[in-house]
Chemist: 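Got a structure here, written out as structure tokens. Questions coming.
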Amino acid sequence: MTENKEYSFFQSVERSFDKASKFTKWETGILEQIKACNSIYSMKFPVKMDDGRIEVIEAYRVQHSQHKSPCKGGIRFSLAVNQDEVMALAALMTYKCAIVNVPFGGGKGGIKINPRALSAYELEKITRRYTAELVKKNFIGPGIDVPAPDYGTGEQEMSWIVDTYNVMTNDINGDGCVTGKPVNQGGINGRKEATGLGVFFGTRECCDDAEDMKSVGLSRGIEGKTTIVQGLGNVGYHTAKFFMEGGAIITGIAEYEGGIYNPKGLDIDAVFNHRKKTGSILNYKGATKEFKNSSVGLEQECDILIPAALENQITSANISKIKAKIIAEGANGPTTPEAEEFFTKKGGIIIPDMYCNAGGV
């Protein structure tokens, strides 16, 4: 099986759309309009770093669809950010909002930085300048486009955004320009864990279907099912926590620095605290195996694999090594179309991201 290298992440989303659109009654022109990104804002701006040098920051905001307003979608901070990625993620947001029937169009933003390598002051300056650029071009606002936390961002970044927006506008509803704010600044209890809880609910519903479970040789229910989670960020951590509380056994955790495994189970809080203390999940005493290569962590024995990190983690290069019976997509676009086709033909079940990780919206 060979990987098709000729198309990008956005084209991969389009391929999935084309596959699904054959089952609809809509004419080609309407379908082409639904696929297209309506507005793309690419920007570069200078920021003075702590050491005095000027760095030019690359950033994006894409509004995929305004069929319902406002647009909704996170802002990610990552060196992997590029226009194609942000377009793909914005498109996925449109479809996700439609599937769970919330009245938003899809949007997404990204800043090409490594937040771990920057000071809090540098992050604040970059976030506020990015917000100012969005305000100037009318790319943010409670009725226009409402960002949220995503990979590399959280409550702190959202509070900087809402403060900058309120300083620059006279919008009486200004606090509604982002979601995922701290609770003491107008945020909502439960928002932080909402995406992870959605992954749990979506997978639980799948596992409660006797016919589906029989097709993969598993018993009904979450309880007792061995689970590997990729990503220990907001989504991955809360997903693993809810799975543990639901009776699943977290046998493996993978992060960018590597993976750990124990067939008898790992304590998610203990692993999280170990990583917070040491900066890595590796050398955790409760693990029986550890892998310097993160992708090897995904290839260990388990019933359920939950990629909850970045896109294109499961490809035709590693899908044949995946031993899970169920892939629950906690991340956006973690499985390529070829890998998905291979896995389902082999008899596995994929719970797609557009349903599985829609808890945030």
Side-chain angles (χ1 to χ4, degrees), residues 1 12-13 15-26 92 95-102 194-231 235-236 238-252 263 265 298-308 313-316 318-361:
M1 186 182 180
S12 165
V13 172
R15 282 164 66 96
S16 297
F17 180 92
D18 291 339
K19 190 176 173 184
S21 69
K22 291 172 186 170
F23 299 95
T24 73
K25 64 182 188 303
W26 306 108
L92 287 170
Y95 309 143
K96 189 187 302 182
C97 290
I99 284 169
V100 297
N101 198 26
V102 291
T195 308
L197 185 58
V199 175
F200 171 71
F201 283 152
T203 311
R204 188 185 69 181
E205 289 304 304
C206 173
C207 291
D208 277 345
D209 189 294
E211 196 177 318
D212 283 345
M213 291 305 96
K214 187 180 177 183
S215 74
V216 291
L218 296 173
S219 58
R220 275 184 69 185
I222 286 280
E223 202 166 339
K225 287 194 169 44
T226 54
T227 306
I228 292 174
V229 179
Q230 182 195 30
V235 179
H238 286 107
T239 297
K241 200 163 174 59
F242 287 121
F243 267 75
M244 269 181 66
E245 289 170 4
I249 303 161
I250 306 298
T251 54
L298 311 183
E299 297 162 7
Q300 304 308 302
E301 290 284 350
C302 69
D303 298 322
I304 303 168
L305 172 61
I306 305 171
Q313 298 300 297
I314 301 170
T315 68
S316 55
N318 64 354
I319 188 65
S320 60
K321 300 173 191 169
I322 299 294
K323 297 178 178 70
K325 308 278 186 14
I326 300 165
I327 296 174
E329 296 188 328
N332 293 302
T335 315
T336 64
E338 289 89 357
E340 180 189 323
E341 198 175 324
F342 178 87
F343 190 73
T344 50
K345 275 184 181 171
K346 198 175 73 171
I349 294 172
I350 293 184
I351 309 171
D353 55 349
M354 281 179 276
Y355 164 72
C356 198
N357 75 7
V361 290

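Numbers for residues simply follow the sequence, beginning at 1.
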Chemist: Where do P307 and A328 come nearest, in terms of heavy atoms and distance?
Modeler: CD-O, 3.3 Å
Chemist: For V100, check side-chain contact (heavy atoms from CB on, under 4.5 Å) against everything at least two apart and list the hits.
Modeler: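 If we apply the side-chain contact (heavy atoms from CB on, under 4.5 Å) test to V100, skipping adjacent residues, the hits are V102, A358, V361.
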Chemist: Checking side-chain contact (heavy atoms from CB on, under 4.5 Å) for the pair K19/E340: CA distance, chi angles, key distance, verdict?
Modeler: CA-CA 12 Å; K19 190 176 173 184; E340 180 189 323; 4.0 Å; yes
Chemist: Working to the nearest 0.5 Å, report the span between NZ of K325 and CG of L305.
Modeler: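 These two atoms lie 13.0 Å from each other.
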Chemist: Distance-only, no hydrogens or angles: does the E329 side chain make a donor-acceptor pair with backbone N or O of D353 under 3.5 Å?
Modeler: yes
Chemist: Would you list the atom pairs, donor with acceptor, under 3.5 Å between side chains in residues 204-216 and any protein atom, with sequence neighbours excluded?
Modeler:
| residue | atom | partner | partner atom | Å |
| --- | --- | --- | --- | --- |
| D209 | OD1 | E211 | N | 3.1 |
| D209 | OD1 | D212 | N | 2.9 |
| S215 | OG | D212 | O | 2.5 |

Chemist: With sequence neighbours left out, what residues match K22 under side-chain hydrogen bond (donor to acceptor under 3.5 Å, both in side chains)?
Modeler: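 Checked K22 against side-chain hydrogen bond (donor to acceptor under 3.5 Å, both in side chains); zero matches.
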Chemist: How far apart are the closest heavy atoms of P337 and S12, and which atoms are they?
Modeler: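 Closest heavy-atom pair between P337 and S12: CD-OG, 3.2 Å.
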Chemist: Can you check side-chain contact (heavy atoms from CB on, under 4.5 Å) on T251 and C302, steps first, answer last?
Modeler: CA-CA 7 Å; T251 54; C302 69; 4.3 Å; yes
Chemist: Does Q313 have any side-chain contact (heavy atoms from CB on, under 4.5 Å) partners at least two apart in sequence or in another chain, and if so, which?
Modeler: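 Testing Q313 for side-chain contact (heavy atoms from CB on, under 4.5 Å), a comparison that skips the adjacent residues, returns Q230, L310.
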Chemist: Measuring from I351:CD1 to Y355:OH, what's the distance to the nearest 0.5 Å?
Modeler: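 Here the interatomic distance stands at 7.5 Å.
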Chemist: Decide yes or no on side-chain contact (heavy atoms from CB on, under 4.5 Å) for I304 and I228, but give the supporting numbers first.
Modeler: CA-CA 6 Å; I304 303 168; I228 292 174; over 6 Å; no
Chemist: Report the residues that fulfil side-chain hydrogen bond (donor to acceptor under 3.5 Å, both in side chains) with T226, sequence neighbours left out, ordered by chain and then residue number.
Modeler: D303
Chemist: Please report the shortest heavy-atom distance between V229 and G236, naming the atom on each side.
Modeler: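 Heavy atoms of V229 and G236 come nearest at CG1-O, 3.8 Å.
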Chemist: Show which side-chain atoms of residues 239-249 pair as donor or acceptor with protein atoms under 3.5 Å away, not counting sequence neighbours.
Modeler:
| residue | atom | partner | partner atom | Å |
| --- | --- | --- | --- | --- |
| T239 | OG1 | V235 | O | 2.7 |
| K241 | NZ | D269 | OD2 | 2.7 |

Chemist: First locate atom CG of L92, then atom CE of M354, and finally report the distance between them rounded to the nearest 0.5 Å.
Modeler: 6.0 Å
Chemist: If every non-hydrogen atom of I319 is compared with every non-hydrogen atom of F342, which pair is closest and at what distance?
Modeler: CG2-CD2, 3.5 Å
Chemist: Decide if atom NZ of K321 counts as having more than 12 heavy atoms of other residues, nucleotides or ligands within a radius under 6.0 Å.
Modeler: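 12 or below, so no.
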Chemist: Restricting to ring pair (Phe, Tyr, Trp, His ring centres under 6.0 Å), what partner residues turn up for F17, sequence neighbours left out?
Modeler: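 Counting only residues at least two positions away or on another chain, F17 forms a ring pair (Phe, Tyr, Trp, His ring centres under 6.0 Å) with Y95.
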Chemist: Report yes or no: do E338 and T315 form a side-chain donor-acceptor pair below 3.5 Å?
Modeler: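 Result is no, nothing qualifies.
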Chemist: Write down the atom of L298, the atom of I322, and the distance for their closest heavy-atom approach.
Modeler: O-CD1, 3.5 Å
Chemist: Would I314 and I327 count as a side-chain contact (heavy atoms from CB on, under 4.5 Å) if you check the C-alpha gap in whole Å, the side-chain angles of each, and the deciding distance to 0.1 Å?
Modeler: CA-CA 10 Å; I314 301 170; I327 296 174; 4.1 Å; yes
Chemist: Quick one: side-chain hydrogen bond (donor to acceptor under 3.5 Å, both in side chains) partners of N357, sequence neighbours excluded?
Modeler: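 side-chain hydrogen bond (donor to acceptor under 3.5 Å, both in side chains) list for N357, sorted by chain: K96, N332.
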Chemist: Name all residues meeting the side-chain hydrogen bond (donor to acceptor under 3.5 Å, both in side chains) criterion together with D18; count only those two or more places apart in sequence or in a different chain, and write none if there are none.
Modeler: K35
Chemist: Report yes if some heavy atom in the side chain of T195 is under 4.5 Å from a heavy atom in the side chain of H238; otherwise report no.
Modeler: no
Chemist: For a quick test of reading the model, state the closest non-hydrogen atom pair linking Q300 to K323 and the distance between them.
Modeler: O-CB, 4.0 Å
Chemist: The criterion is side-chain contact (heavy atoms from CB on, under 4.5 Å); which residues satisfy it with A331, sequence neighbours excluded?
Modeler: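 Residues passing side-chain contact (heavy atoms from CB on, under 4.5 Å) with A331: P334.
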